Amino acid sequence: MLPKLSKCFSFTASRDWLYRHSFVVAGLRSVITDLGDGTTMHCWVPKLHKPCKPTLVLVHGFGANAMWQYGDHLRHFITRFNVYVPDLLFFGESFTSRPERTESFQAMCLKNLMEAHGVNRMSLVGISYGGFVGYSVAAQFPEVVERLVLCCAGVCLEESDMKNGLFKVSTLDEASSILLPQTPDKLRELMRLSFVRPARGVPSWFLQDFIQVMCTDYIEQKRELLEAILKGRQLSNLPTIKQPTLIVWGEQDQIFPLELGHRLKRHIGENAEIEVIKNAGHAMNLEKPKEFARQLKSFLVDADSCPSPPLSFREQIQKTFSFDFSKS
């Protein structure tokens, strides 16, 4: 009965609709923006952007779409920030006919998208591949990014790491087959690598339904995105960034091992701090949502709400009476 039911009712599509509804209820609206030159990007944007609030951009990784990756965390930030949740190119409703596949091109398009919505300063959270893009935004456009959160983002990987056995997979083809699953068995393998305690006994028809709804669009282009982040990558070519940065990592991440998190902390230096979530894997935002949200809130919300240091007597006089001491 259940396999037959799955043919006329999609649990994945229904869950997707619920997430979409929750975004609307949270005060966001779905907008597609034409950036020109064959590039369009979709983004969830505030129905009303409030200038008195800072802006927070939540950038997804591979896997389910941005709504699934951030839907359970919106409530922590929606009252404090103007929240934007974009689809990167070849995800959701974002697309380009241009041939570029690098994270630097994704970053440029993301920056142009935010400019089109009138946003010139933001804090940014990037999960996994979204962290690659977020890091590139911070490096290319330092005046745009105020604070940066990188979640299980193997930005510091090198092409040689795959050959040297750092990862569970040893070739790009194998990585693509797992990160872009097209069969229930490959999706199970992705779940085993992403979670410390993956769900067991999930029926194949349920997994196939998820694949059909979430994993069948732009397969070749996404494979090219994976190839672009790996090909010729060397740590020595990675620019450093100056923004305050929080690195959050699952202790038992099998996609991007924790060593890459510590490597990233050393590369950025004193401007970065690292928090390791215990008993969590690559999908820590789903596996440990409370701890994940707590780390983000501590870095983004608490920092934003910290009171300014008291003004000196001289500064109080100058502010109150608009008096310029330099001219006295």
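Model, not experiment: these values are computed from the prediction. We count residues from 1, following the sequence as given.
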Atom CZ of R75: over 12 foreign heavy atoms under 6.0 Å: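 No - once you tally the heavy atoms of other residues, nucleotides and ligands closer than 6.0 Å, there are 12 at most.
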Crowding at NZ, K290 (>12 non-hydrogen neighbours, <6.0 Å):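 Not more than 12 within 6.0 Å, no.
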[Y] versus [X], side-chain donor and acceptor atoms under 3.5 Å:
X	Y	answer
T183	R188	no
D72	N285	no
T40	D34	no
Q295	E291	yes
T245	N271	no
Q140	S136	yes
T240	H267	no

Backbone N/O of R294 and side chain of S298: donor-acceptor pair under 3.5 Å: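 Absent.
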Salt-bridge criterion met for E287 and K278 (N-O under 4.0 Å):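 The answer is no: the pair does not qualify as a salt bridge.
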Stepwise salt bridge (Lys or Arg N to Asp or Glu O under 4.0 Å) check, E159 with R233: CA-CA 5 Å; E159 185 174 11; R233 195 176 192 92; over 6 Å; no
Closest heavy-atom pair and its distance - Q243, A138: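 Between these two residues, the closest heavy atoms are NE2-O, 3.1 Å.
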Set of side chain to side chain donor-acceptor pair (under 3.5 Å) partners for E251, sequence neighbours left out: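 Result, side chain to side chain donor-acceptor pair (under 3.5 Å) vs E251: none returned.
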Derivation of the salt bridge (Lys or Arg N to Asp or Glu O under 4.0 Å) call for E259 and R266: CA-CA 11 Å; E259 161 58 26; R266 292 192 297 269; 3.2 Å; yes
Single hit among V125, I247, L58 for side-chain contact (heavy atoms from CB on, under 4.5 Å) with V149: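 Going through the options one by one, the only one that passes is V125.
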